[in-house]
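Data block below; observations after.
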Amino acid sequence: MEAQAPVSAPVQAAYSYCEAVTGQQARNFAYGIRLLPADKRQAMSALYAFSRRVDDIGDGTLADGAKEVRLEETRALLGRIRDGGVDEDDTDPVAVALADAARRFPIPLGGLDELIDGVLMDVHGESYETWDDLKVYCRCVAGAIGRLSLGVFGTQPGAPGIERAGEYADTLGLALQLTNILRDVREDAGNGRTYLPSDDLAKFGCSTGFNGPVPPPGSDFAGLVHFEVRRARALFAEGYRLLPMLDRRSGACVAAMAGIYRRLLDRIERDPEAVLRGRVSLPGREKAYVAVRGLSGLDTRHVSRQTARRRA
């Protein structure tokens, strides 16, 4: 990639704002984003800050109608960014930073339209009967983020299977989102949301929902969690094929972010009922270890060896 031109003071200030938002609110993603070189780190922070704004509207306390208006206003702002209608002296730092990032990198901004569509599904109270139904939502709110991020990361020229890079980025997003859904199952239920497919809930006797710190009477809650964990692991295995297609620091970023979620999945698998007692999380020192492991390239080399064995 050609050397990037320096940014102006207003644009630098806008990026600094987005990096502050990312550092304060991206409890897991921030560990990976820090591993990127400055230009990619800034672009990823701009993407995160815009996405955070969309998510905050959906999760906020406004009435549903007001949320819909705010989301469509945000979509209109995205249209201005896409059309080059945001100048560096605009008063919205997130718009300024994202507009600059989109000029510097081939970011498919339509992915942010998909994110807005997904959050509107939340506002409308959508539920999901099958995994195929849930995948539509997950692709909007997470798979699209994977594809947007790939626009910043880029791929290594000549990498085997490079034509499937976008598909792998999308699948990795699905893996992260399914892990989120498992982690937040009680919190979401408290907010009137159920994401796990109703077919799966019925199969394991959990159709009555999750309203307390213990599983529904007569249910096989552990069986449900283990079933979804296996599904998430399969998605991770497929999505990890992206790693050898990225440069070292982009691969480290992805490995760190995905590695943190895989460790969350390990904890959930060991103690399924923990998700009913509170939010399962990793201590900061463990997240930092995963980030260092990603920077060392251990995960990328492991995936490369597995890919080579499959081709042999």
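Owing to the predicted nature of the structure, the values given are computational and were not obtained by experimental measurement. The residues of the chain are indexed from 1 along the displayed sequence.
In this structure, CD1 in Ile181 is found 11.5 Å from CG in Leu176, a value given to the nearest 0.5 Å. Here the straight-line distance linking atom OH of Tyr15 with atom CG of Asp39 works out to 8.5 Å at 0.5 Å rounding.
No cation-pi contact links Arg285 to Tyr289, judged by a cut-off of 6.0 Å to the six-membered ring centre and 45° from its axis.
Judged by distance alone, the side chain of Lys67 and the main-chain N or O of Gly60 form a donor-acceptor pair under 3.5 Å.
Checked for salt-bridge contact, Arg80 and Asp87 miss the test: no charged N lies under 4.0 Å from a carboxylate O. Ion pair Glu167/Arg241 not flagged as a salt bridge, since none of the NZ, NE, NH1 or NH2 atoms sits closer than 4.0 Å to an Asp/Glu carboxylate oxygen. A salt bridge is defined here as a Lys NZ or Arg NE, NH1 or NH2 lying under 4.0 Å from an Asp or Glu carboxylate O, and Asp117 with Arg139 fails to meet this definition. Using a 4.0 Å cut-off between a side-chain N of Lys or Arg and a carboxylate O of Asp or Glu, Arg263 and Asp266 do not qualify as a salt bridge.
Counting heavy atoms from C-beta on, the side chains of Leu47 and Leu112 come closer than 4.5 Å. The shortest side-chain heavy-atom distance between Glu269 and Arg233 falls under the 4.5 Å cut-off. Phe50 has its side chain out of reach of Leu115: every pair of non-hydrogen atoms, C-beta onward, lies at least 4.5 Å apart.
Just one of Ile116, Val69, Leu71 meets the side chain to side chain contact (heavy atoms under 4.5 Å, CB included) condition when paired with Ile57; it is Leu71.
Ring planes of Tyr128 and Tyr137: tilted class, angle from 30 to 60°. Between Tyr48 and Phe29, the two ring planes are perpendicular [angle over 60°; tilted spans 30° to 60°].
More than 12 non-hydrogen atoms from other residues, nucleotides or ligands lie less than 6.0 angstrom from CZ of Arg277. Crowding of Arg70 atom CZ: a count of heavy atoms from other residues, nucleotides or ligands under 6.0 Å not exceeding 12.
The same ILVMFWY cluster, assembled from side-chain heavy atoms under 4.5 Å apart, contains both Val86 and Leu109.
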